[in-house]
Visitor: 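Take this structure, written in structure tokens, and hold onto it; I'll ask about it next.
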Amino acid sequence: MNKKILLLLIIFSTLLFNQCSKKMVNGKKELIEIIKTVNSPDSNIIVNIILFDGKVFYEINYKNKPLINRSKLGFLFKNAFPLNENFSISNVEYNQFDETWTQPWGEVKNIRNNYREMKIELQETKDLKRELIIVFRAFNDGVGFRYEFPEQENIKDFEIMDELTEFVFSDDHSAWWIPAYRDNRYEYLFKKSKFSKIDTVHTPLTIETTNGLYLCVHEANLTDYSSMTLASGENNTLQCDLVPWSDGVKVKASVPHKTPWRTIQIAEKPGDLITSYLVLNLNEPNKLEDVSWIKPAKYIGIWWGMHIGTQTWGSGDKHGATTQNAKEYIDFAAKHNFPGLLIEGWNVDWDGTWWDNGDIFKFTETHPDFDMEEVSKYAADKGVKIIGHHETGANIDNYEAQVEDAFAYYKKYGINTIKTGYVGIRANKTEWHHGQYMVRHYRKIVELAAKNKIMLDVHEPIKDTGIRRTYPNMMSREGARGCEYDAWASDGGNPPDYTTIIPFTRLLSGPFDFTPGIFNIFLGEQKPDNRANTTLAKQLAHYVVIYSPLQMAADLPENFEGNPAFKFIKDVPADWQDTKVIHAKIGDYITIARQDRNSEEWYIGSVTDENFRELEMDLSFLDKNKLYIAEIYADGPKADWENNPLDINIVKCFVNFETLLKLKLAAGGGQAIRIRKVNKNDNLGSIPNYEDIK
Ligand code: NOJ
Ligand code: CA
């Protein structure tokens with residue numbers, strides 16, 4: 001190598017990966033402190049790994065201020081000594097990486113993966129001389145780190161009783177959280193409070209620091225491990241708390257084994273958390289060779305009727321999944337160009353109080369009034385794909401015993417998307433949905449589905465940790481309170497601020513099958529105490545604000561038919577080229593603009609909480625000097641979510657890259673906009689300029 005280049009490289013790496021060591025004397029004992037450092041590519045983030053008196057810690061600084069103070073690392077085991085002290089550093093390796101990769105589908109097409117890495121190899125100085133590797137990656141938008149247990153003499157099989165990872169924050173910041181260890185899994189409303197007031201919570205955990213930064217603590221690539229919850233402790237500390245097996249063990253493993261990445265995303269504006277793809281970047285690249293069969297889609301369903309009580313899953317007069325109903329829904333899907341139709345409740349023994357009898361569900365036998373052969377043929381003739389359904393009642397033994405046949409059955413009928421469901425308090429009435437047992441189960445189904453070229457939409461899932469990058473057939477999940485809560489929740493449904501919070505919390509983990517699109521806001525006389533707590537325009541805005549590659553039009557066909565607002569749902573895509581967050585205030589409002597992956601159209605969704613707002617946005621992202629038509633679905637002048645949710649103004653007007661939009665959002669309202677090029681059917685003379693109508 002040329003000497004000049006070599007010299008430059010040395011200078012460069014000392015700047016980037018600087019390190020120091022010092023000796024301290026405490027009484028008679030000489031304490032050695034060694035610090036190894038890695039910076040983000042833009043050098044705003046500095047990660048130090050510290051070996052002090054044989055113990056290992058990390059700390060993170062952002063723009064020269066402490067963000068995470070000295071925090072512990074290590075493990076406790078069953079029947080083995082803790083692995084958290086008497087360490088020496090046996091090797092340190094530095095790497096850097098910069099690559100842009102393409103998502104087969106997603107909220108954005110191309111993602112840059114740019115980080116600097118430090119891999120620290122530790123070895124115990126005493127007794128068993130066990131080895132542990134810790135890898136840190138510093139990105140411009142945050143930090144990820146993971147532990148690796150390499151192949152070694154003195155650890156073979158091991159049982160983790162505690163992962164000692166902690167996050168010691170610099171202050172008592174606020175966070176939006178849902179509680180962990182509850183029977184309804186992740187289905188709780190987010191609360192905001194100081195760390196000192198929270199208990200044990202799920203991730204992603206979104207944090208607003210006392211000096212105005214926005215952080216998200218989560219994990220990436222949760223594989224054969226238990227999921228991390230966070231327990232709040234003394235001194236602004238969040239402690240990793242792994243969801244245990246029913247026998248109390250947290251993780252059962254053998255060497256070599258890697259933990260998921262612990263992730264800390266760092267942003268100066270809340271919207272930048274949404275466009276941070278750090279969690280995906282920490283997952284492995286796509287493992288599926290052929291992805292041509294994987295397609296984002298919109299769908300309707302024999303579904304909402306069950307939730308509002310006009311239809312049933314089980315047999316009887318109100319049975320929803322009949323051959324006749326299915327054909328009518330197929331006609332509707334075909335007429336309005338919906339690629340998918342979900343059919344729930346077609347299989348036998350999923351009947352009566354089905355949430356209790358998951359052990360008898362059969363996945364290949366139909367109710368007598370549902371003919372799978374006839375329905376699937378009818379759908380194929382009309383160009384509609386049926387989306388299959390596997391409600392398991394969280395009875396994993398029963399499901400796993402049938403799943404191969406169940407997949408083969410669907411494939412026989414041309415069905416290649418399946419919505420799965422795990423309603424139940426514990427899996428097999430014993431295990432948490434979020435412990436290692438279920439992490440293994442969910443992954444087994446993803447892999448089996450991939451083998452069978454089946455796309456998945458998982459309800460009552462394990463939280464998303466970005467594995468859709470590796471298995472792009474893992475499309476969408478629920479994993480939060482969906483729209484169904486509006487139909488039956490005893491608290492009256494999701495409150496008006498709900499969808500101003502979830503884009504910054506639940507959605508940071510990945511796509512959400514929220515099932516938007518309720519047009520009959522007051523549901524009907526059979527549901528006097530429930531309703532959708534939004535305006536109609538806000539229902540439309542959800543299609544842009546809440547990302548899902550499988551996006552449902554949830555209401556009944558008869559509530560869509562003839563309503564001009566339905567056109568937006570028909571037009572809006574489910575796959576995007578680009579995503580921009582325009583306005584973002586967590587719990588108050590959010591505006592997102594997304595560009596269609598398959599055309600030059602842009603879509604805008606803006607939603608507010610229970611307060612009326614006026615927000616301005618420019619359209620500088622449009623091509624310069626081109627004329628566009630905006631189709632605007634705005635809250636009407638008298639709209640408000642509580643008393644007048646259906647008041648909507650639908651207008652068409654000219655816009656260009658210099659247009660300044662004024663979004664008037666009613667209390668509990670929203671606005672949805674499609675921006676497209678002029679086409680030959682437009683009667684140009686009748687279309688006003690935006691300035692003339694605003
Ligand atoms: C809960 C799911 O979220 C919902 O979409 C489904 O209809 C029911 N379980 C039944 O499987
Ligand atoms: Ca608010």
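We count residues from 1, following the sequence as given. Source: prediction; values computed, not measured. Just follow the structure's listing: the first ligand is 1, and inside any ligand the first atom is 1.
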Visitor: So that I can tick it off, tell me whether K377 and D381 are bridged by a salt bridge, with the cut-off set at under 4.0 angstrom between side-chain N and carboxylate O.
Guide: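 Salt bridge between D381 and K377, a charged N being under 4.0 Å from a carboxylate O: yes.
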Visitor: Side chain or backbone, does W354 bring an N or O within less than 3.5 Å of an N or O on ligand 1?
Guide: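 Looking only at distances, the answer is no, because the N/O contact criterion of under 3.5 Å is not met.
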Visitor: Which protein heavy atom lies closest to atom 5 (O) of ligand 1, and at what distance to 0.1 Å?
Guide: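 Looking at atom 5 (O) of ligand 1, the protein heavy atom closest to it is K419 NZ, 2.6 Å.
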Visitor: Are Y409 and W346 an aromatic pair by the rule of ring centers under 6.0 Å?
Guide: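 Yes, the ring of Y409 comes within the 6.0 Å limit of the ring of W346, centre to centre.
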Visitor: So that I can tick it off, tell me whether R481 and D486 are bridged by a salt bridge, with the cut-off set at under 4.0 angstrom between side-chain N and carboxylate O.
Guide: no
Visitor: How far is atom 9 (N) of ligand 1 from the closest protein heavy atom, and which atom is that?
Guide: V423 CG2, 3.4 Å
Visitor: Salt-bridged, D331 to K327, with N to O below 4.0 Å?
Guide: no
Visitor: With atoms numbered from 1 as shown, which atoms in ligand 1 lie under 4.0 angstrom from a non-hydrogen atom of E391?
Guide: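 In order of numbering, the contacting atoms are 9 (N), 10 (C), 11 (O).
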Visitor: For W303, take its heavy atoms, then give the atoms of ligand 1 lying under 4.0 Å from any of them.
Guide: 4 (C), 5 (O), 6 (C), 7 (O)
Visitor: Using a strict 4.0 Å cut-off to heavy atoms of H307, name the atoms of ligand 1 that fall inside it.
Guide: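 Going through ligand 1 atom by atom, the ones under 4.0 Å from H307 are 4 (C), 6 (C), 7 (O).
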Visitor: Report, in ascending order of atom number, the atoms of ligand 1 lying under 4.0 Å from any heavy atom of E478.
Guide: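 So the answer, numbered in order with elements, is 3 (O).
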Visitor: Should the pair F566 and F338 be assigned to parallel (<30°), tilted (30 to 60°) or perpendicular (>60°) ring geometry?
Guide: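 The arrangement is parallel - the two ring planes meet at less than 30°.
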Visitor: What is the nearest protein non-hydrogen atom to atom 4 (C) of ligand 1, stated with its residue, atom name and distance?
Guide: E484 OE1, 3.1 Å
Visitor: Looking at Y547 and P503, would you say the former's side chain and the latter's main chain have a donor-acceptor pair under 3.5 Å?
Guide: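 No.
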Visitor: Classify the contact between Y422 and ligand 1 as side chain, backbone, both or neither, using a heavy-atom distance cut-off of under 4.0 Å.
Guide: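 It is neither; nothing of Y422 touches ligand 1.
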Visitor: Is any NZ, NE, NH1 or NH2 atom of the basic residue among R477 and D513 found under 4.0 Å from an Asp or Glu carboxylate oxygen of the other?
Guide: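 Between D513 and R477 there is no salt bridge, as every charged N stays at least 4.0 Å from the carboxylate O atoms.
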Visitor: For atom 7 (O) of ligand 1, which protein heavy atom lies nearest, and how many Å away is it?
Guide: E344 OE1, 2.6 Å
Visitor: Please work out whether any backbone atom (N, CA, C, O) or any side-chain heavy atom from C-beta onward of W355 is under 4.0 Å from ligand 1, and answer side chain, backbone, both or neither.
Guide: neither
Visitor: Can you report which non-hydrogen protein atom sits closest to atom 1 (C) of ligand 1, along with the distance?
Guide: E460 OE2, 3.2 Å
Visitor: Determine, using heavy atoms of H389 and all atoms of ligand 1, whether some pair is separated by less than 4.0 Å.
Guide: yes
Visitor: Examine the side chains of Q671 and D635 and answer whether a donor and an acceptor come within less than 3.5 Å of each other.
Guide: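 No, because no side-chain N or O of Q671 sits under 3.5 Å from a partner of the opposite role on D635.
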Visitor: Assess whether a salt bridge exists between K444 and E400, defined as any Lys/Arg side-chain N lying under 4.0 Å from an Asp/Glu carboxylate O.
Guide: yes
Visitor: Looking only at protein heavy atoms, which one is nearest to atom 8 (C) of ligand 1, and what is the separation?
Guide: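 The closest one turns out to be W313 CZ2, 4.0 Å.
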